[in-house]
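Written out below as structure tokens is the structure these notes cover.
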Amino acid sequence: MFSEEEQKEIVKKTNLLEKVKNGDLMLQELSKLHTKKRVSWFMDNKDSVLQKYIGLPDEEKAYKIIYFDYMKINPGHCNVIKLSEGKIKIESRNFCPYLEACKKLCLDTEFICKESEPSIQQICKLINPNLKFRRNYQNIRPHADFCEEYFEII
């Protein structure tokens with residue numbers, strides 16, 4: 001069902017989330033680690049990824065940089081809907097090692113996925129200080145068919 005590379009990612013995330021579940025790693029610490037890792041990646045790749053998406057609105061630029069360049073999501077697994085000028089909604093059905101790890105460990109994805117928001121928000125802020133990211137936790141896998149997320153200029 002999963003490729004060898006995907007299996008490895010599931011094992012890594014499961015091991016990490018076991019530490020959270022067992023209390024060996026606080027969720028806030030995990031959030032700080034993610035933010036540091038993602039911001040460092042962005043700063044190292046800033047010039048090339050911003051150049052790659054030059055001319056796109058900032059909300060679309062952030063979405064593509066975070067989802068495709070950083071997380072390596074297959075673009076065919078995301079449906080993007082432009083809701084208004086400066087606001088897009090993404091419906092993601094991509095492979096997600098955190099989703100699979102949460103299922104294995106009986107953890108709620110809402111609880112775990114909220115910790116990634118600060119790291120995504122920090123990258124958004126580096127692209128445009130008025131750019132905001134948020135999730136609709138009423139539509140998040142495995143409780144829904146897709147994860148619903150928004151990028152918006154406020």
Side-chain angles (χ1 to χ4, degrees), residues 1-3 5-6 9-10 12-13 16-17 20 27-154:
M1 181 172 176
F2 296 110
S3 71
E5 187 176 316
E6 289 171 335
E9 284 300 311
I10 293 169
K12 280 174 40 179
K13 301 312 185 215
L16 188 61
L17 292 182
V20 172
L27 202 52
Q28 296 83 354
E29 292 173 299
L30 181 59
S31 180
K32 287 179 184 177
L33 289 171
H34 276 169
T35 300
K36 183 178 179 181
K37 180 181 174 191
R38 289 178 178 183
V39 168
S40 177
W41 174 88
F42 179 76
M43 296 310 291
D44 289 346
N45 295 280
K46 182 180 176 182
D47 293 339
S48 64
V49 294
L50 290 176
Q51 181 63 36
K52 184 176 183 179
Y53 300 113
I54 199 162
L56 285 181
D58 287 342
E59 67 277 7
E60 290 179 40
K61 192 180 300 180
Y63 156 68
K64 290 183 180 219
I65 290 169
I66 294 164
Y67 285 49
F68 305 149
D69 295 293
Y70 181 78
M71 292 194 285
K72 308 289 186 202
I73 292 175
N74 179 333
H77 295 166
C78 299
N79 183 32
V80 179
I81 302 156
K82 186 171 182 90
L83 298 175
S84 64
E85 193 65 35
K87 184 176 184 178
I88 58 173
K89 175 173 95 170
I90 297 96
E91 297 174 352
S92 301
R93 293 175 177 85
N94 58 293
F95 164 73
C96 178
Y98 279 106
L99 171 63
E100 300 307 321
C102 283
K103 286 193 235 177
K104 277 186 169 188
L105 297 171
C106 298
L107 292 171
D108 188 350
T109 51
E110 179 178 349
F111 174 72
I112 297 302
C113 293
K114 278 187 179 179
E115 67 76 28
S116 71
E117 283 192 39
S119 65
I120 296 170
Q121 189 57 51
Q122 191 63 32
I123 292 174
C124 287
K125 185 189 283 187
L126 292 169
I127 294 170
N128 179 329
N130 297 316
L131 183 61
K132 302 293 179 212
F133 170 83
R134 71 175 176 87
R135 285 191 181 94
N136 176 357
Y137 288 99
Q138 300 302 309
N139 283 328
I140 189 169
R141 296 177 294 166
H143 310 294
D145 183 45
F146 55 85
C147 293
E148 182 179 316
E149 300 156 328
Y150 296 85
F151 288 88
E152 179 178 19
I153 304 291
I154 303 288

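All residue numbers refer to positions in the sequence shown, counting from 1.
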Phe95 ring center near Phe2 ring center (under 6.0 Å): yes
Spatial distance of atom NZ (Lys52) from atom NZ (Lys61) [nearest 0.5 Å]: 13.5 Å
Interatomic distance, Ile65 atom CD1 to Asn45 atom CG [nearest 0.5 angstrom]: 9.5 Å
Close side-chain approach of Val49 and Trp41, heavy atoms under 4.5 Å: yes
Check: Phe151 and Ile120 side chains under 4.5 Å, non-hydrogen atoms: yes
Spatial distance of atom NZ (Lys87) from atom CD1 (Ile154) [nearest 0.5 Å]: 7.5 Å
Over-ring placement of Lys132 relative to Tyr150, 6.0 Å and 45° cut-offs: no
Shortest non-hydrogen separation from Ile10 to Pro97 and the atoms involved: N-CB, 4.0 Å
Residue pair Glu152 / Leu83, side-chain heavy-atom distance below 4.5 Å: no
Salt-bridge present (Lys114, Glu117; N to O < 4.0 Å): no
Within 6.0 Å of NZ in Lys82, more than 12 heavy atoms from elsewhere: yes
Interatomic spacing from CG in Asp145 to CZ in Arg93 - rounded to 0.5 Å: 4.5 Å
Chi angles and distances behind the side chain to side chain contact (heavy atoms under 4.5 Å, CB included) call for Asn74, Asn94: CA-CA 7 Å; Asn74 179 333; Asn94 58 293; over 6 Å; no
Residues forming a salt bridge (Lys or Arg N to Asp or Glu O under 4.0 Å) with Lys89, sequence neighbours excluded: Glu91
Residue pair Phe133 / Ile66, side-chain heavy-atom distance below 4.5 Å: no
Pair Ser92-Arg135, side-chain donor/acceptor within less than 3.5 Å: no
Side chains of Glu149 and Tyr67, donor plus acceptor under 3.5 Å: yes
Donor-acceptor contact present, side-chain Ser31 to main-chain Leu27, <3.5 Å: no
Gap separating the NZ atom of Lys103 from the SG atom of Cys96, nearest 0.5 angstrom: 9.5 Å
Criterion side chain to side chain contact (heavy atoms under 4.5 Å, CB included) on Phe146 and Asn79, from CA distance to verdict: CA-CA 10 Å; Phe146 55 85; Asn79 183 32; over 6 Å; no
Carboxylate-amine/guanidinium proximity below 4.0 Å for Lys32 and Glu29: no
Any donor-acceptor pair under 3.5 Å from Ser116 side chain to Cys113 backbone: yes
For Arg134, side chain to side chain donor-acceptor pair (under 3.5 Å) partners two or more places apart: none
Minimum-distance pair of heavy atoms, taken over all atoms of Cys78 and Ile73: SG-CG2, 3.6 Å
Minimum side-chain heavy-atom gap Leu126-Lys46 below 4.5 Å: no
Working for side chain to side chain contact (heavy atoms under 4.5 Å, CB included), residues Thr109 and Tyr98: CA-CA 8 Å; Thr109 51; Tyr98 279 106; over 6 Å; no
Working for side chain to side chain contact (heavy atoms under 4.5 Å, CB included), residues Val20 and Glu115: CA-CA 11 Å; Val20 172; Glu115 67 76 28; over 6 Å; no
Distance, nearest 0.5 Å, that separates CG of Leu99 from CZ of Arg141: 5.0 Å
Side-chain donor/acceptor of Gln121 to backbone N/O of Leu131, under 3.5 Å: yes
Residues Lys64, Glu60: salt bridge by 4.0 Å N-O rule: no
